[in-house]
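Reminder, nothing fancy here: chain letters follow the sequence lines and each chain counts from 1.
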2 protein chains.
Amino acid sequence: MKRPTIADIAREAGVSKGAVSYALNGRPGVSAATRERILAVAERLQFHADSNARALAGAKTRVVGLTLRRPPSTLGVEPFFMELISGLELELSRQSYALLLQMAPGRDEELAFYRRWFSEGRVDGVLVCDVNVGDPRVSTLQELGLPAVVIGPPGVSGSLTSVWSDDEQSMVEAVEYLAALGHRRIARVGGIPQLAHTAIRTAAFAGVCARLGIADAVTVPADYTGEAAARATRKLLGGAHPPTALLYDNDVMAVAGLTAARELGISVPAELSIVAWDDSPICRLLHPPLTALTRDIGAYGELAARTLLAAIAGEPVTSAHGAPAHLTPRGSTAPPR
Amino acid sequence: MKRPTIADIAREAGVSKGAVSYALNGRPGVSAATRERILAVAERLQFHADSNARALAGAKTRVVGLTLRRPPSTLGVEPFFMELISGLELELSRQSYALLLQMAPGRDEELAFYRRWFSEGRVDGVLVCDVNVGDPRVSTLQELGLPAVVIGPPGVSGSLTSVWSDDEQSMVEAVEYLAALGHRRIARVGGIPQLAHTAIRTAAFAGVCARLGIADAVTVPADYTGEAAARATRKLLGGAHPPTALLYDNDVMAVAGLTAARELGISVPAELSIVAWDDSPICRLLHPPLTALTRDIGAYGELAARTLLAAIAGEPVTSAHGAPAHLTPRGSTAPPR
DNA sequence: CTGAAAGCGCTTACAG
DNA sequence: CTGAAAGCGCTTACAG
């Protein structure tokens with residue numbers, strides 16, 4: 001099927017191509033009557049301007065880019081990314097933007113994609129997530145001057161705008177809750193240590209435990225997979241002074257921890273309390289349902305997209321915190337025996 | 001930062017813009033020595049051709065599009081889509097293609113996106129998933145002549161190429177397994193009835209049950225959410241002749257079913273066997289671990305992407321079945337008491 | 001308020 | 001093997 005061009009519209013409407021462009025883009029330069037006529041023709045012909053021609057002539061691409069690093073099958077497991085993307089899309093769609101998505105095996109490839117998108121003029125701006133400490137993408141994007149929003153803690157975002165939650169506050173809430181239940185031996189199975197937000201949580205965990213006089217508040221690093229979490233859990237529970245409460249940096253690891261504990265003959269919550277960071281439908285469906293740090297991940301996505309689109313539009317933008325994750329107590333936590 | 005153009009490369013290398021284009025695209029028309037020189041300059045300047053200009057001048061966009069329908073929060077829950085996207089990306093990346101992703105609230109919006117992408121010249125081809133019976137996207141894409149691959153059963157794909165699994169075969173395997181264990185009362189909690197593959201599974205389930213002499217092989221429709229599955233499970237188990245085995249159309253519903261049964265005081269697998277369609281890490285992490293129909297969803301994605309890119313390249317393509325889901329017996333199934 | 005024209009950065013026949 | 005030129009479909013100053 002052949003696509004109509006502004007030349008076709010111009011001919012049908014009996015005006016110049018320039019007039020069609022003005023009318024379509026809602027700019028001054030055509031009378032109301034002419035505009036009406038042009039829009040009617042465009043509507044009838046199901047006309048949509050070629051985005052390549054528009055972009056080449058100086059208009060926006062109306063596309064933003066996002067890369068996702070794909071460690072061996074961590075991605076599919078976690079609802080986090082899909083929820084984030086859902087939220088992003090919600091706001092992007094409202095403003096007629098689309099998302100260009102690319103999975104990258106590693107950090108270098110991610111960086112290369114951002115560079116290429118810039119060079120090829122593919123995107124108006126980009127989103128960056130899973131930020132490492134000293135992530136090279138931050139400095140590169142600053143150099144390029146491509147509008148960018150970091151979905152991650154502000155500390156590692158350089159001069160880029162960032163959108164994240166206050167993880168420290170949530171960590172404090174979770175640990176204080178466990179302490180209030182009477183727990184004195186609390187440990188944590190953490191996320192990938194290189195990630196900036198993991199470092200923040202680790203520091204916050206150590207900090208609040210020290211403040212509450214909880215000794216040996218150890219964090220065992222893992223990689224968000226159930227296997228690693230099960231190993232870490234067995235190790236922690238097999239020690240001389242096993243913890244009575246465990247905090248997991250994502251829901252999948254918490255599920256694995258629950259099962260690992262059960263296999264060791266340790267009952268939850270009677271002998272062990274479990275808290276998951278990030279709540280998903282699965283947490284509610286388990287027996288016992290998992291106490292979790294709940295946050296609206298989709299809302300972060302929306303906020304990030306809104307911020308990026310504002311930056312692209314040339315509006316001044318500032319880094320912002322979304323609502324922090326808050327504790328949702330369920331059946332997996334109880335006072336220690 | 002300013003982006004270099006072929007004019008810059010041409011000047012530096014002392015050749016015409018045409019020569020640069022030929023060299024960059026690996027076409028005849030320049031000597032080996034000149035080509036070398038041009039490529040070296042391009043490399044040094046980190047040059048990547050503007051994709052808008054290329055597309056406008058007749059080259060490919062190197063982008064394919066995919067819409068995802070987003071029913072109220074079903075998406076984030078299921079690993080299916082993220083795994084599918086991972087697989088798609090794997091093959092797309094290999095061939096330097098990117099994925100344009102758009103979430104759509106409903107079927108009409110999905111259709112509009114495909115139309116728009118075509119009109120705007122944004123994509124070289126599209127992928128279609130979650131195909132309904134009589135899905136309007138199929139006929140529209142046929143009309144437009146936009147290369148397209150349906151990720152779904154061939155029966156509803158019209159003249160479009162399709163990639164799917166043989167769900168009937170998998171259903172037969174699952175039911176025969178349960179029958180071999182001795183189950184005579186088997187029921188199913190199905191997916192969204194409008195989806196083409198749901199219809200296929202429903203027919204297959206009824207068919208194999210009839211063949212094996214299993215009466216009352218009822219399918220209760222649900223929507224892939226845990227809540228709906230829990231309701232369906234309670235209804236099925238509360239009847240006069242409750243089933244001794246339940247089949248769920250996705251893993252999330254199976255998890256919900258497991259918990260719902262437990263809440264009713266029904267033990268799994270002693271009093272009730274449970275089978276999940278689609279296996280995810282969660283299935284392995286539960287107690288008991290869920291027997292599941294396992295398939296490599298990422299591989300479907302790869303196959304779909306490969307097929308689409310072949311179609312875009314003008315190669316003849318044919319619909320294909322990926323490997324069917326096969327049964328992975330685990331702790332949630334046993335002979336009935 | 002409108003029309004004619006230049007230009008965005010490529011690709012691709014067409015002459016030399 | 002190479003260069004000069006047209007053209008892809010838009011947007012946007014610039015004259016009228």
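Salt-bridge annotation for E302(B) and R94(B): present, with a side-chain N of the basic residue lying under 4.0 Å from a carboxylate O of the acidic one. We find that D135(A) and R107(A) are not joined by a salt bridge, their nearest charged nitrogen and carboxylate oxygen being 4.0 Å or further apart. A salt bridge is defined here as a Lys NZ or Arg NE, NH1 or NH2 lying under 4.0 Å from an Asp or Glu carboxylate O, and R44(A) with E12(A) meets this definition.
Distance R3(B) CZ to dC10(C) C1': 12 Å, rounded to the nearest Å. In this structure, I38(B) atom CD1 and dG3(D) atom C1' are separated by 12 Å, rounded to whole Å. The distance between atom NZ of K60(B) and atom C1' of dC8(D), rounded to the nearest whole Å, is 15 Å. The CD atom of E120(A) sits 13 Å away from the C1' atom of dG9(C) (whole-angstrom rounding). Spacing between atom NE2 of H48(B) and atom C1' of dC10(C) amounts to 16 Å, rounded to whole angstrom units. Rounding to whole angstrom units, CG of residue L56(A) and P of dC8(C) are separated by 9 Å. A straight line from CZ of R11(B) to P of dG9(C) spans 12 Å, rounded to a whole angstrom. Protein atom CG of N25(A) is 7 Å distant from nucleotide atom P of dT12(D), rounded to whole Å.
Using N1 to N3 plus N6-O4 or O6-N4 for Watson-Crick, or N1-O2 and O6-N3 for G-U wobble, each under 3.5 Å, dC14(C) pairs with dG3(D).
Residue contacts for G58(B): at a heavy-atom cut-off of 4.0 Å it reaches no nucleic acid atom on any strand shown. Contacts of S51(A) with the nucleic acid, taken as non-hydrogen atoms under 4.0 Å apart, are absent. Across all strands shown, S21(B) has heavy atoms under 4.0 Å from base atoms, whether or not it also approaches the sugar-phosphate.
Nearest to the side-chain atoms of D50(B) among the listed nucleotides dC10(D), dG9(C), dT2(C) stands dG9(C). Here the nucleotide nearest the side chain of S31(A), chosen from dT2(C), dC10(D), dG9(C), is dT2(C). For S16(A), the listed nucleotide lying nearest its side chain is dG3(C); candidates were dG3(C), dT11(C), dT2(D). You'll find that the side chain of Y22(A) is closest to dC14(D), out of dG3(D), dC14(D), dG9(C). Here the side chain of A49(A) is nearest to one of dG9(D), dC10(D), dC10(C), namely dC10(D).
Taking the nucleotide of DNA chain C with the nearest heavy atom to each of N52(B) and A19(B), the more 5' of the two is matched to N52(B). When each of A53(B) and R37(B) is assigned the nucleotide of DNA chain D bearing its nearest heavy atom, the one mapping closer to the 5' terminus is R37(B). Residues R54(A) and T34(B) both approach DNA chain D. Their nearest nucleotides, taken by heavy-atom distance, put T34(B) toward the 5′ side.
Q102(A) and T67(A) share no donor-acceptor pair across their side chains, judged by distance under 3.5 Å alone. No side-chain donor-acceptor contact under 3.5 Å links S119(A) and R3(B).
At dT12(C), one or more side-chain N or O atoms of R27(B) fall inside 4.0 Å of OP1 or OP2 (strictly under the cut-off).
Taking the six-membered ring where the residue is Trp, the centroids of W164(A) and H197(A) are separated by under 6.0 Å.
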